[in-house]
Asks: 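My questions will all concern the structure given below.
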Amino acid sequence: MARKPVIKAVNLSKHYQMGTMLVKALDKVNLEIYSGEFIIIFGQSGCGKSTLMSLFAGLDKPTSGEVFVRGENLAELNTLQLSKYRRTKIGMVFQQYNLVPNMTSLENVYLPLAFEGISRRRRIKRARNVLELIGIADIERHTSSELSGGQQQRVSIARAWVTSPWIVFADEPTGNLDSKSADEVLRLLKQLNQKSKRTVILISHNPEYLPYADRVVYLKDGKVIRISGKIKGATKRRKRSELESLQGVGKTAAQNLQKAGFENMLDIASAKEEDLAQVNGVSKKLAKLIRKEAQEIIVAREGFGEK
Amino acid sequence: MTFLDLFLFSVANLKRNKMRTLLTVLGVVIGIAAIVFLVSLGFGLQYLVESKVASMKELTQIQVDPKSDAAITDKQIKDFKKIKGVKWVSPSYYLSSQMVLDGQKIDLTLYALEPKYIEAEDVKVDKGKNLKNPDVKEIVVSRSALKVFDIAEAKNFIGKQASLKIYLKDKKGNISMKLTKKDQAQEVKIAGVTKNVKEPAAYIPINNLKNLDIKSYDKAIVKTKDREVVKDIKKKISDMGYRVSSIKDTIQAVKSYFNAGQLVLGGFGMVALFVASIGIFNTMTISLLERTHEIGIMKAIGATNKDVKRMFIFEAAQIGFWGGVFGLFGGWLMGLLINTLVNILAKNFGGVAQGIFFTPMWFSSISIVFALLVSLTAGIYPARRAGKLNPLEAIRYE
């Protein structure tokens with residue numbers, strides 16, 4: 001059975017009139033991206049990759065063609081529905097971080113939840129969880145002027161993650177960072193993608209990052225010229241791969257866990273540490289770690305309801 | 001977004017540029033303070049005048065005067081008494097008379113009335129006693145009559161016997177000097193002296209003049225049970241063909257003068273508030289420009305147009321609210337200060353301390369609501385602009 005794409009572009013074009021010249025920023029782009037994929041849209045500046053992201057995020061309207069998100073045509077959404085779409089279905093990470101300057105990290109992270117109308121208590125808890133997941137719980141009281149670029153970008157990733165979106169768009173997230181921070185940010189995105197199975201669409205002009213991607217979409221002069229890589233997970237059994245995504249759990253350990261009756265994340269999260277440690281290939285220390293990780297993943301998924 | 005969020009966000013945003021916020025609020029404070037100060041002066045003076053015009057009990061009285069085709073007779077008095085809401089009716093008539101005391105003669109107006117209703121005539125006796133018993137031959141004399149007798153001390157006057165000659169009008173309306181009827185000349189005792197009557201006058205219980213055979217009264221005072229029914233009863237009596245008036249009319253007239261005055265005074269304050277509203281508009285517009293990029297971010301991460309709009313409106317509302325509160329307080333304080341100064345001056349020149357400023361509760365509330373409305377009006381356009389910003393353009397704006 002063919003999988004349904006999470007986001008799909010059909011003959012997507014965006015043209016601008018620049019004086020007397022017609023600029024084709026995007027020209028008849030067709031693209032299907034599936035749930036859980038780590039996609040890099042690769043191309044030189046001016047190739048139309050940012051335009052593509054604006055169209056995917058519903059921030060701009062295409063000249064022609066359509067964008068479908070889980071089968072829903074973005075062109076059919078009104079302003080209010082588009083806001084809701086951006087608030088709950090997608091997360092955005094920008095090159096310039098784009099944190100609200102006078103707010104603390106915590107406030108920035110819970111901002112999308114505030115717009116959603118989530119109670120203060122719940123959204124603070126949820127934002128703290130995500131900050132902890134990303135490993136920056138210590139800077140929750142800092143405003144962006146007190147943070148390094150790398151830290152700001154992590155806060156911005158936390159903000160994109162907080163609503164448990166289907167898709168996270170990252171537009172040159174490492175463009176303003178030194179190579180060390182850039183690597184950290186990229187690893188974080190990859191890690192989050194693997195842990196929570198959220199689709200990540202990264203826009204970059206840097207060929208060094210291409211190995212991170214499941215698939216790479218090569219864009220040139222507004223056209224998709226090549227798509228490399230395989231659509232992953234189409235044939236794999238989901239449960240096993242899910243357990244394998246836990247830190248320190250190999251293929252064998254995952255199989256052993258399944259045999260012992262711990263079939264998915266929820267089972268791990270709700271099991272006792274001692275019981276997990278009974279499983280072959282799972283030490284006491286590992287049991288503790290994977291249980292905690294599974295709990296975080298469950299919170300990340302269900303703190304907001306799986307969408 | 002919840003109201004708490006909007007409140008907290010607006011506080012945080014207003015704090016970002018404290019000086020600007022403070023100056024904008026100050027503009028509203030000055031506007032509202034000016035309005036409160038001036039209008040309170042208007043109210044203060046109005047109440048001062050009203051209290052001089054009428055005591056509370058007079059507000060429930062209606063004066064009925066006859067017309068050429070509607071005389072007030074005993075029968076009419078009974079009819080008046082039957083009207084619902086009427087407490088009592090006091091008829092009276094005016095006569096010309098001559099009083100002789102210690103060989104001196106003076107002319108004065110004699111008011112014949114029921115002693116128990118003497119309060120209705122606003123006769124305030126400050127020396128001696130007021131009329132009490134309807135059948136005793138006593139009179140109360142006005143102080144100006146004393147002056148004619150050249151008696152300085154009122155107490156020397158009280159208790160003296162005087163003789164009174166009452167002149168009636170003939171059929172043509174001319175005063176006849178002949179005393180033809182019983183009671184037209186009588187001996188009376190002076191019971192008291194009134195302070196507040198300016199003309200030479202005397203008051204006598206109406207029973208003493210029963211024999212004069214007067215057909216109709218010159219006036220009747222209708223006392224009502226409460227203030228609310230005055231209007232209805234006035235209309236009923238008026239429909240019966242009489243001329244009616246009450247102190248309420250006078251107060252109404254005074255009120256309308258003062259209302260006009262207050263409008264003018266409030267108008268001056270409005271000018272200040274109008275300038276303040278331009279300040280709010282300016283502040284919100286600058287804030288909008290400064291925060292365009294930020295609004296773009298918020299919209300990109302899912303804020304609706306309404307969220308953004310409401311954030312701005314809340315800021316404008318806060319400026320208005322605090323401006324209103326402090327303006328009210330400032331205006332009130334200024335009034336208190338001026339009043340105290342005036343009273344110190346008045347006392348030094350031998351006057352009486354008076355409250356010339358008064359801020360009614362309802363006006364206080366209205367001034368705050370008004371400040372809110374003005375700031376909302378000034379803030380609505382920048383707020384709508386903020387709400388309608390295109391997220392993509394806004395986020396690129398630096």
Side-chain angles (χ1 to χ4, degrees), chain A residues 14 50-51 53-61 78-104 107-124 143-144 156 158-163 165 168-169 171, chain B residues 1-21 283-284 286-315 318 383-398:
Chain A
K14 179 74 187 178
S50 290
T51 305
M53 173 162 144
S54 301
L55 295 177
F56 278 174
L59 289 170
D60 208 351
K61 299 227 181 297
N78 62 26
T79 321
L80 206 65
Q81 289 166 322
L82 274 176
S83 292
K84 173 106 180 158
Y85 162 71
R86 287 198 290 267
R87 198 164 60 231
T88 58
K89 307 289 198 285
I90 65 170
M92 300 250 269
V93 180
F94 306 88
Q95 180 174 356
Q96 304 84 352
Y97 329 124
N98 282 343
L99 299 179
V100 180
N102 66 324
M103 288 187 173
T104 65
E107 286 167 341
N108 261 294
V109 172
Y110 75 48
L111 198 56
L113 304 181
F115 292 137
E116 181 65 13
I118 307 293
S119 78
R120 228 178 134 65
R121 195 178 55 78
R122 271 185 64 203
R123 67 177 185 245
I124 287 176
T143 56
S144 53
S156 150
R159 183 179 66 187
W161 228 265
V162 78
T163 55
V168 172
F169 294 101
D171 187 359
Chain B
M1 288 181 96
T2 63
F3 273 93
L4 181 66
D5 285 329
L6 286 167
F7 175 74
L8 293 175
F9 277 26
S10 65
V11 169
N13 278 322
L14 289 172
K15 274 186 180 170
R16 272 156 93 171
N17 200 329
K18 288 198 185 73
M19 185 52 87
R20 187 169 70 200
T21 303
T283 295
M284 297 308 292
I286 292 173
S287 179
L288 162 72
L289 293 176
E290 282 177 355
R291 279 152 63 191
T292 298
H293 176 64
E294 185 182 318
I295 292 163
I297 301 172
M298 288 184 174
K299 292 186 123 186
I301 63 170
T304 60
N305 294 3
K306 203 174 156 192
D307 286 333
V308 174
K309 191 173 128 187
R310 287 205 295 181
M311 277 162 68
F312 272 75
I313 285 186
F314 249 70
E315 277 165 48
Q318 286 232 44
R384 280 170 79 169
R385 252 180 75 186
K388 280 182 185 160
L389 280 178
N390 176 305
L392 206 57
E393 282 166 20
I395 210 162
R396 284 182 193 144
Y397 186 95
E398 288 292 341

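The sequence lines fix the lettering, A, B, ..., with proteins before strands; numbering per chain opens at 1. Atoms considered below: every heavy atom in the structure, side chains included; atoms not considered: hydrogens, waters and symmetry mates.
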Asks: Determine the option with the most heavy-atom pairs under 4.5 angstrom with chain B, choosing from A:Ala160, A:Gly117, A:Ala114.
Replies: A:Ala114

Asks: Tell me which of these, B:Thr2, B:Ile395, B:Asn305, has more heavy-atom pairs under 4.5 Å with chain A than the rest.
Replies: B:Ile395

Asks: Which atom pair, heavy atoms only, marks the closest approach of B:Ala303 to A:Ser83?
Replies: O-OG, 3.5 Å

Asks: Below 4.5 Å from any heavy atom of chain B, which atoms of A:Tyr85 appear? Answer side chain, backbone, both or neither.
Replies: neither

Asks: With heavy-atom distances below 4.5 Å as the criterion, would you say the side chains of B:Arg16 and A:Pro101 are in contact?
Replies: yes

Asks: Would you compute the distance between atom CZ of B:Phe9 and atom CD of A:Glu107 and round it to the nearest 0.5 angstrom?
Replies: 7.0 Å

Asks: Please report the shortest heavy-atom distance between A:Leu99 and B:Ile297, naming the atom on each side.
Replies: O-CD1, 3.8 Å

Asks: Kindly compute the distance separating CE (B:Met1) from CD1 (A:Ile118), expressed to the nearest 0.5 Å.
Replies: 12.5 Å

Asks: Could you work out, with side chain to side chain donor-acceptor pair (under 3.5 Å) as the rule, every residue matching B:Glu290, not counting sequence neighbours?
Replies: B:Arg20

Asks: Minimum heavy-atom separation for A:Ser54 to B:Leu392, with atom names?
Replies: OG-CD1, 3.5 Å

Asks: Against chain A, label B:Leu8 side chain, backbone, both or neither, depending on which of its atoms sit under 4.5 Å from a heavy atom there.
Replies: side chain

Asks: Looking only at heavy atoms and a cut-off of under 4.5 Å, which of A:Leu80, A:Leu59, A:Asn98, A:Thr79 has the most pairs with chain B?
Replies: A:Asn98

Asks: When rounded to the nearest 0.5 angstrom, what distance separates CZ in A:Arg87 from OG1 in B:Thr304?
Replies: 6.5 Å

Asks: Quick check on B:Ile301 against chain A: is it the side chain, the backbone, both or neither that has a heavy atom closer than 4.5 Å?
Replies: both

Asks: Hey, does the side chain of A:Arg86 reach the backbone of B:Lys299 with a donor-acceptor pair shorter than 3.5 angstrom?
Replies: yes

Asks: Check whether any side-chain heavy atom of A:Phe115 lies under 4.5 Å from a side-chain heavy atom of B:Asp5, and answer yes or no.
Replies: no

Asks: Can you sort out the partners of B:Lys309 under salt bridge (charged side-chain N to carboxylate O under 4.0 Å, His left out), two or more places apart, ordered by chain and number?
Replies: none

Asks: Name the member of A:Lys84, A:Met92, A:Arg123 that forms the most heavy-atom pairs with chain B at distances under 4.5 Å.
Replies: A:Arg123

